[in-house]
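Keep in mind it's a predicted model, so treat the numbers as computed, not measured. Numbered from 1 within each chain, the chains take letters A, B, ... in sequence-line order.
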There are 2 protein chains.
Amino acid sequence: MSETRIRNMEEFAAASGVSRPTVSKYFNDPDSVRPKTRARIEDALERYDYRPNIFAMNQNRKLTKNVGIVVPYLADPFFAEIARTLEQACIAAGYTPVLYSAHGEPDLENDILDSLRSLKPAGVLLAPLGRLSDRAAIEKFCGDVPTVLFDSSIRDLGLAFVGSDNPQFSRLMVDYLCRSGEPPCFFEMKTPANPNANRRRQGYIAAMEALGHAPHIVQVPGEGWAFEEIGLREGLAALDAGRFDTDTVLCSNDRLAIGFLTACYERGLKVGRGSDCHIRVAGHDDHPFSRYTCPPLTTVAQDYDSISRHAVETLFRALEGQETPHEVTLFEGKLVMRDSA
Amino acid sequence: MSETRIRNMEEFAAASGVSRPTVSKYFNDPDSVRPKTRARIEDALERYDYRPNIFAMNQNRKLTKNVGIVVPYLADPFFAEIARTLEQACIAAGYTPVLYSAHGEPDLENDILDSLRSLKPAGVLLAPLGRLSDRAAIEKFCGDVPTVLFDSSIRDLGLAFVGSDNPQFSRLMVDYLCRSGEPPCFFEMKTPANPNANRRRQGYIAAMEALGHAPHIVQVPGEGWAFEEIGLREGLAALDAGRFDTDTVLCSNDRLAIGFLTACYERGLKVGRGSDCHIRVAGHDDHPFSRYTCPPLTTVAQDYDSISRHAVETLFRALEGQETPHEVTLFEGKLVMRDSA
DNA sequence: ATAAAAAGTTTTCGCGCGTAAACTTTTGAA
DNA sequence: TTCAAAAGTTTACGCGCGAAAACTTTTTAT
């Protein structure tokens, strides 16, 4: 396709018959040059496969076209899905997404923020670890870099927060469970990493009391992000200790529920809402695998799409100069009825 | 902590009492300077929080300290886990990992290779999409950038390939299934994205014939990476059509098996090796969730750790100048006996 | 103590581009 | 045709660092 190899913007400008600064202008915003000029550049772009050196580009720019995406735990398909949506939205908007996972480790989260800073990103989409996050570090980072928080909020840090209306999730599920059977107890980790868990518990308590039932919370030990393992191990322990005083168990999240379903299986408890079933189990999130548990898990679906779309839009609106006060956007969940409850 | 803000290496060198080129040398290899000098630099490093500008650093270097990690589908926890291990190994070796996922899309895979090229990475760890990969593009890329392929191989491209001995996986499982019950049939997608599927099928056929059994393959339609969905939908169809002539089903991979387990559940088939069970189901990979299916899935475990460790080691050995011929390393799988078969 | 080797310094150059200012050309409408 | 605005060009400078060469100092070995 090419005659001679283009080594830099100077040579490319010569080849396209346009001056170098104009070419530079084109790459920063194709609409900023005359259509005729643009055509000449794009013509040359097809003859030669020149691409500007990104390091030289970013060196003299205070802000790059990079957007950092940080999630707490990428091995959780929920975050993998969100990351995918966010990446696509960034690319569509002409930005370059860079993906990071804290892998559940606070130290790594701090390291990521550090190296992100030196990337001079235009903005960052950050889902913090939650309870274990270094609040001071994140606050400082948000002061330096335009950051939109999502999934789990930390006070009112960042430009905005986009997440789910967690109390509504629990209310929805409690209402359904109560009108279709016994009132549920709430199964959760004692010290959950994610602050959403607290809001779900509170939502559960409020919903139960509104219906005139006494809330019953089964808290189990467990640290980290291996929720399925905790759900299984501590689910077994709780079952054996007779800690459930109802046949309906609402789990704090789907991954915990997946582990708990396995615990039920190992104890020979048939899960479901049929008359021959021993126990009903429900979760929160609509985790990608919840459709494929046995039985398929009844849960409350997070609005993945809306959350990621709105997070990206909020960030880009802020980047384009529109100063807005810290805004919190919470999306409602939808009941997903399957066979487990 | 700091007195005055350090703006560049020049100022930092002045503050630490060492010349700028020496500081530069230090950052490229801390061991290349005298211990005394190193101490002075690291002393200053604690007083001021200076960090070299990565864009300026990489501009004049033909090779950076970046290492690209490319996986085909990050929403699959298997790849998320591998990515985590690879990232950690890169960091430990003093490199900067950059993670990409093709999200199952060949176009995106090519885009990633393109933008990776402009990152001037020291090396790349690439798990290609497989059948849908653009072979020509990958071949060209491997010619430009030191690349170690893993998980799914493409001819003898790249510096090396690191993966699993897939025929051995199937042999192991077939042997076990045959000596503990009926010989298995093989359940797979007709046009699998991943070439490992073909090797597993071949391993299955060879193992069956070695034991004097007639192989029986159940191929179902389905494209893309939504394996669970395909396993469920096509599993239901195959069950209803009576396509299984044995009570033992060996699935091409665990995600397919997870979907198939759900199909069995929906048809009221009890899965397991007990006398009251109707069907046995097994998989390949030891997917992170396989422990938590109901019943827990019997499978052959990929040696995640060895694969990722060896891939990284191979790459770094090559980067340090040791020219080696294209080498293929395959790790054996281990039988993981659970309750499903 | 003395020479040789190792490490550090100084000097100089250049990477590929962004950016600003002053100037020139093109464009489009009156 | 005329002219002002828009777009492009020229010129000039600098970003923050890598790298090579020649020189100077420190360390190591004899």
Side-chain angles (χ1 to χ4, degrees), chain A residues 4-45 48-66 94 96 115 117-122, chain B residues 4-45 48-66 94 96 115 117-122:
Chain A
T4 61
R5 251 223 133 68
I6 299 290
R7 309 190 62 81
N8 55 33
M9 194 181 279
E10 192 78 52
E11 292 184 16
F12 178 76
S16 57
V18 177
S19 76
R20 186 184 68 74
T22 306
V23 173
S24 170
K25 212 175 168 194
Y26 166 83
F27 278 112
N28 287 326
D29 179 8
D31 288 323
S32 72
V33 302
R34 209 176 314 178
K36 207 152 108 190
T37 315
R38 178 171 177 170
R40 285 163 79 181
I41 294 176
E42 288 174 347
D43 209 58
L45 221 42
Y48 313 90
D49 62 340
Y50 165 74
R51 299 188 54 172
N53 180 312
I54 54 171
F55 299 109
M57 276 183 62
N58 290 331
Q59 177 175 4
N60 296 330
R61 238 202 296 244
K62 19 197 175 313
L63 245 54
T64 68
K65 281 284 192 177
N66 298 326
T96 305
S115 58
R117 217 186 293 262
S118 61
L119 260 189
K120 294 190 281 189
Chain B
T4 61
R5 248 220 137 70
I6 299 288
R7 309 190 62 81
N8 55 35
M9 194 181 278
E10 192 77 53
E11 292 184 15
F12 178 75
S16 58
V18 178
S19 77
R20 185 185 69 76
T22 306
V23 172
S24 170
K25 212 175 169 195
Y26 166 83
F27 277 111
N28 287 326
D29 179 9
D31 287 323
S32 73
V33 302
R34 208 175 314 178
K36 208 152 106 188
T37 315
R38 179 172 176 169
R40 285 163 78 180
I41 293 176
E42 288 174 347
D43 208 59
L45 222 41
Y48 312 90
D49 61 340
Y50 165 74
R51 299 188 55 173
N53 180 312
I54 53 170
F55 299 108
M57 277 183 61
N58 290 331
Q59 177 173 359
N60 295 330
R61 237 201 296 246
K62 25 203 171 310
L63 246 52
T64 68
K65 281 284 192 177
N66 299 324
T96 305
S115 57
R117 216 186 292 263
S118 61
L119 260 189
K120 293 190 282 188

K.L.:
Using heavy atoms to find the nearest nucleotide of DNA chain D for A:R38 and A:R20 separately, return the residue whose nucleotide is more 5′.
P.N.:
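The residue whose closest nucleotide sits nearer the 5' end is A:R38.
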
K.L.:
Between A:Y48 and A:E11, is there a side-chain donor-acceptor contact under 3.5 Å, judged purely by atom types and distance?
P.N.:
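A:E11 vs A:Y48: no donor-acceptor pair found between side chains.
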
K.L.:
Out of C:dC17, D:dT10, C:dG18, which has the shortest distance to the side chain of A:R61?
P.N.:
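From the listed options, C:dG18 comes nearest.
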
K.L.:
Check the pair B:S19 / B:T22 against side-chain hydrogen bond (donor to acceptor under 3.5 Å, both in side chains), numbers first and verdict last.
P.N.:
CA-CA 5 Å; B:S19 77; B:T22 306; 2.8 Å; yes

K.L.:
Whole-Å distance between C:dC17 P and A:E11 CD?
P.N.:
10 Å

K.L.:
Under 4.0 Å, counting only non-hydrogen atoms across every strand here, what does B:N28 touch: a base, just sugar-phosphate, or nothing?
P.N.:
sugar-phosphate

K.L.:
Between C1' on C:dC15 and CD1 on A:I6, what's the gap in Å once rounded to a whole number?
P.N.:
17 Å

K.L.:
Name the nucleic acid region contacted by A:P52, choosing base, sugar-phosphate or nothing; use a 4.0 angstrom heavy-atom cut-off, strictly under.
P.N.:
sugar-phosphate

K.L.:
Atom CZ of residue position B:R7 - does it have more than 12 heavy atoms of other residues, nucleotides or ligands inside 6.0 Å?
P.N.:
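No, CZ of B:R7 has 12 or fewer neighbouring heavy atoms, counting only those of other groups under 6.0 Å.
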
K.L.:
Between C:dC17 atom P and A:Y26 atom OH, what is the distance in whole Å?
P.N.:
15 Å

K.L.:
With DNA chain C as reference, determine whether A:S24 or B:S19 sits nearer its 5' end, using the nearest nucleotide of each.
P.N.:
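The 5'-side residue here is B:S19.
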
K.L.:
Output the rounded distance in Å from NZ (A:K25) to C1' (C:dA20).
P.N.:
12 Å

K.L.:
Is there a side-chain polar atom (N or O) of B:K36 under 4.0 Å from OP1 or OP2 of D:dT27?
P.N.:
yes

K.L.:
Can you work out whether B:P21 or A:N53 has the more 5'-proximal nearest nucleotide on DNA chain C?
P.N.:
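Between the two, 5'-proximity favours B:P21.
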
K.L.:
How many angstroms lie between CD in A:Q59 and CG in B:N58, if you round to the nearest 0.5 Å?
P.N.:
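The CG atom of B:N58 is 10.5 Å from CD of A:Q59, to the nearest 0.5 Å.
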
K.L.:
Where the side chain of B:Q59 is concerned, which of C:dC17, D:dG16, D:dT11 is the nearest nucleotide?
P.N.:
D:dG16

K.L.:
In whole angstrom, what separates A:N58's CG from C:dT19's P?
P.N.:
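Result: 11 Å.
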
K.L.:
Consider the side chain of B:T22, meaning its heavy atoms from C-beta on, and name the nucleotide among D:dG16, C:dG18, C:dT9 that approaches it most closely.
P.N.:
C:dT9

K.L.:
Quiz question: by atom type and distance under 3.5 Å, do the side chains of A:N8 and A:R20 form a donor-acceptor pair?
P.N.:
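No.
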
K.L.:
Respond yes when some side-chain nitrogen or oxygen of A:Y50 is under 4.0 Å from OP1 or OP2 of C:dC17, and no when none is.
P.N.:
yes

K.L.:
How many whole angstroms separate atom CG of A:D31 from atom C1' of D:dA7?
P.N.:
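Those two atoms, CG and C1', are 14 Å apart.
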
K.L.:
How many Å lie between CD on B:E10 and P on C:dT10, as a whole number?
P.N.:
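About 10 Å, once rounded to whole Å.
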
K.L.:
Round to the nearest Å and state the distance from B:K120 atom NZ to D:dC17 atom C1'.
P.N.:
12 Å

K.L.:
Using only modelled atom types and a 3.5 angstrom limit, is any donor from either the side chain of A:N60 or the base of C:dC17 paired with an acceptor on the other?
P.N.:
yes

